[in-house]
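Data block below; observations after.
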Amino acid sequence: MRNFVPGMPEFAGLRFRWMSKRLCRMGQIFRERDLSMNEYVAALHEIERNATPYNPMPALDAIVADHHATNPKTLSVFIRDCVGGNCFPIDSRVSGQLVKYGLPEDERLLVGLSLAINRNPRQVARMFYELG
Amino acid sequence: MPSYLNHFQNFINAKLPSVEDRFTKEDLVAWIQARDNRTPENIVEHLLKRTTNYELRDENEPPSKLHDDLFFMIELNVFRRYRPGVDPVPVHSSQTLVASVETRARIMVAPARSSDMTVRFQTAVSALDLQLGGRSLEDAVVKTSVREWLDGNAEPLAWAMPQGMTEDEWFFVKLCTEPGRRKRKELT
């Protein structure tokens, strides 16, 4: 993955430009920091240990900053399934459920609310997804 | 009234002789399924419609009526008979949002956390818990479906195979290149 660079012919079949850009950015991060994916995930784990009620999802914030991402949904899923950090991925199915219950599409707020009622935000997000 | 709906009043008569008698949705589902071939989901939906302090009881058509004011939820998945004049006034769609929020706040949320948004969120999560019928979506359980997705039940990418990649790398690649496919595979 460290070898991913812009313009690779293998990217030609991807449906959206952001897909190859994100892959290339990941490769760039690994090269610049001399990290493997395992080490990067371990670093995110370490960052997540600093989570507090006022800073509930530091690992997600870190990877979003690394990727300069404006739409963090994909990165949020990565945090959920690979890092096990606090997050609340919002896709169209989750969005529909949020509308149904009069809740805002605000990932940080939803993570905070989950923690406030002593629930795992990842599990709650999956519930919203599953019934969406 | 169709006979199916009579089961709810019959359940009260048979299983809840005292106003203090409690039951879970599993108790009700088992009792009705022994008498009527309905799905657990359908029975739970009817239970929630007949639960006087369930905020979203009127989500489906037709909305609840007075004769549906049968049950009261004490805590998550613990119900008893509704006690008119003792329990809070039932939530009906004709009520204002303010009134129903106050009702929920008294019942379901500790006072220190009874902000409107927290109450609304707690209500939503409680409803989803009930609809999922105890199905676990914990990380360890879902990990299995993620692994199946990674290990090739889905079609492989034409341009990149997993050889030489770690699981997390492969996950990231597939996440970035097949997000729609993952939606269909996850949690099935």
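Throughout, protein chains are lettered first and strands after them, A, B, ... in sequence-line order, and every chain is numbered starting at 1.
- A salt bridge does not link B:Arg81 with B:Asp87: none of the charged nitrogens is closer than 4.0 Å to a carboxylate oxygen.
- Contact check on A:Arg33 versus A:Asp66 returns a salt bridge, with a Lys/Arg side-chain nitrogen under 4.0 Å from an Asp/Glu carboxylate oxygen.
- A cation-pi arrangement, defined by a distance under 6.0 Å to the six-membered ring centre and an angle within 45 degrees of its axis, is absent between A:Arg2 and A:Phe30.
- With a 4.5 angstrom heavy-atom cutoff, A:Ser20 does not touch chain B via any of its atoms.
- Contacts of A:Leu98 with chain B are absent, with no heavy-atom separation under 4.5 Å from either backbone or side chain.
- For a residue to count as touching a neighbouring chain, one of its non-hydrogen atoms must lie under 4.5 Å from one of that chain's; by this rule A:Phe128 touches chain B with backbone and side chain alike.
- Between B:Phe71 and B:Phe79, the ring centre distance reaches or exceeds 6.0 Å.
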